[in-house]
There are 2 protein chains.
Amino acid sequence: MPARLDRIDLKMLRLLQKNGRLSNAELADQVGVSPATCHRRTQALFDDGYLSGVRAMVAPRKVGKGTLVMVGVVLDRSTPESFASFEQAVAKLKCVLDCHLVAGDFDYFLKIRVGDMEDFNRIHGEALIALPGVRQTRTFFVMKEVVDNAVLEF
Amino acid sequence: MPARLDRIDLKMLRLLQKNGRLSNAELADQVGVSPATCHRRTQALFDDGYLSGVRAMVAPRKVGKGTLVMVGVVLDRSTPESFASFEQAVAKLKCVLDCHLVAGDFDYFLKIRVGDMEDFNRIHGEALIALPGVRQTRTFFVMKEVVDNAVLEF
DNA sequence: GCAGGCATGAAGGAATCTTTCGTTAGAGAT
DNA sequence: ATCTCTAACGAAAGATTCCTTCATGCCTGC
């Protein structure tokens, strides 16, 4: 396992991040190595965990998930058990894209995708406030997605 | 352009979202159509905007971006010009993964990836508070990423 | 100086992609 | 009901790509 990434590895990561459908031959050409070497390096990047997978990006609005909502959550108690049961339950909600334990006025921040406000209202009432240990939630409706899930720069 | 997606299209979208490296032959087999039809449908899904692209997922910690921060931003004035200039400027920051205009106590929510807290502190002082029209920011350091960038369910 | 280990590029069989072609199924009009 | 037209389908085949094997070269350490 390579202790460090050289210039070619970094270039490969950046290119594959921008276009995961890049063929091995094209990638090899763009980074300046032979297809065989490129293939071996790509496989190594996967095996060593630098690349965790490849995903097709589905347009949310095209599949009825055009509404984005950020939700801040405060729990009743700040015990490890309380955190654990909340995290276990929230991970099962299909609409939750992000769930992060944060330091500050909230315990957790959620990023949620739903069809519309009515859809969210239903989910909020049925699922979110029903999550274990939730004291209060604060909802921030997203009115405009300026940048969403940008490519990681490194 | 297909007004609606049938069962095969939906299955293709879900499979490609989970594994963007799926070969056309495998995908065709899993959804139960011929490779030729599968190829045509996949191309149509791209052409019609259902699939916006394919991305390799780079492990943030492996490339020195292991620290995640959520930042709430409040602007000085709530004028269209103020919003526009802020959005234009924030889109140029490489570390910003998400930037959403929200309704609530904040004007914008940012999701930012950096190397560590020191790195964030520098960026906060040099770039964030220097963005046009920023009155105040509230930083929420992420202590644990329970769910990050989950696959969209539909 | 020499052996060992590792990465590389060339080569080729196997698999895949992507187009073409003929057929079929369904909708709409006569 | 029948005809026509359109759209989508599967089979087939050439072109491309993948992925492995092999021999060479380079660097390191003894």
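Naming convention: chains lettered A, B, ... in sequence-line order (proteins, then strands); numbering from 1 in each chain. Note that these values count all heavy atoms, side chains included, but never hydrogens, waters or copies made by symmetry. Since we're looking at a predicted model, the values are computed, not measured.
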Contact check, side chains of Val73(B) and Val71(B), non-hydrogen atoms, under 4.5 Å: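 Yes; the side chains approach each other to less than 4.5 Å.
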CD (Glu153(B)) with more than 12 external heavy atoms under 6.0 Å: yes
Whole angstrom value for the distance that separates [atom2] of [N] from [atom1] of [X]:
X        : N       : atom1 : atom2 : result
Arg21(A) : dT18(C) : CZ    : C1'   : 12 Å
Leu22(A) : dT16(D) : CG    : P     : 18 Å
Asp29(B) : dT16(C) : CG    : C1'   : 14 Å
Glu26(A) : dT17(D) : CD    : P     : 8 Å

Ring of Tyr50(B), cation from Lys62(A) - is the NZ or CZ under 6.0 Å from the centre and inside 45° of the axis?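 The answer is yes; both the distance and angle limits are met.
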So, Asp105(B) and Arg138(A), do they make that salt bridge, N to O below 4.0 Å?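 Here Asp105(B) pairs with Arg138(A) in a salt bridge, since their nearest N and O are under 4.0 Å apart.
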Is Lys111(B) paired with Asp148(A) through a side-chain N to carboxylate O contact shorter than 4.0 Å?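 No.
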Phosphate OP1/OP2 of dT18(C) contacted by His39(B) side-chain N/O (<4.0 Å): yes
If I take atom CG from residue Leu75(A) and atom CG from residue Leu131(A), how far apart are they, to the nearest 0.5 angstrom?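 So the gap between those two atoms works out to 9.0 Å.
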Report which part of the nucleic acid Asn24(B) touches: base, sugar-phosphate, or nothing (heavy-atom distance under 4.0 Å, all strands). base
Nucleotide N/O of nucleotides 5-9 of chain C paired with protein N/O under 3.5 Å:
from: dT8(C); atom 1: OP1; to: Arg41(A); atom 2: NE; distance (Å): 3.0
from: dT8(C); atom 1: OP1; to: Arg41(A); atom 2: NH2; distance (Å): 2.4
from: dG9(C); atom 1: OP2; to: Ser34(A); atom 2: N; distance (Å): 3.1
from: dG9(C); atom 1: OP2; to: Ser34(A); atom 2: OG; distance (Å): 3.0
from: dG9(C); atom 1: OP2; to: Thr37(A); atom 2: OG1; distance (Å): 2.8
from: dG9(C); atom 1: N7; to: Arg40(A); atom 2: NH2; distance (Å): 3.2
from: dG9(C); atom 1: O6; to: Arg40(A); atom 2: NH1; distance (Å): 3.3

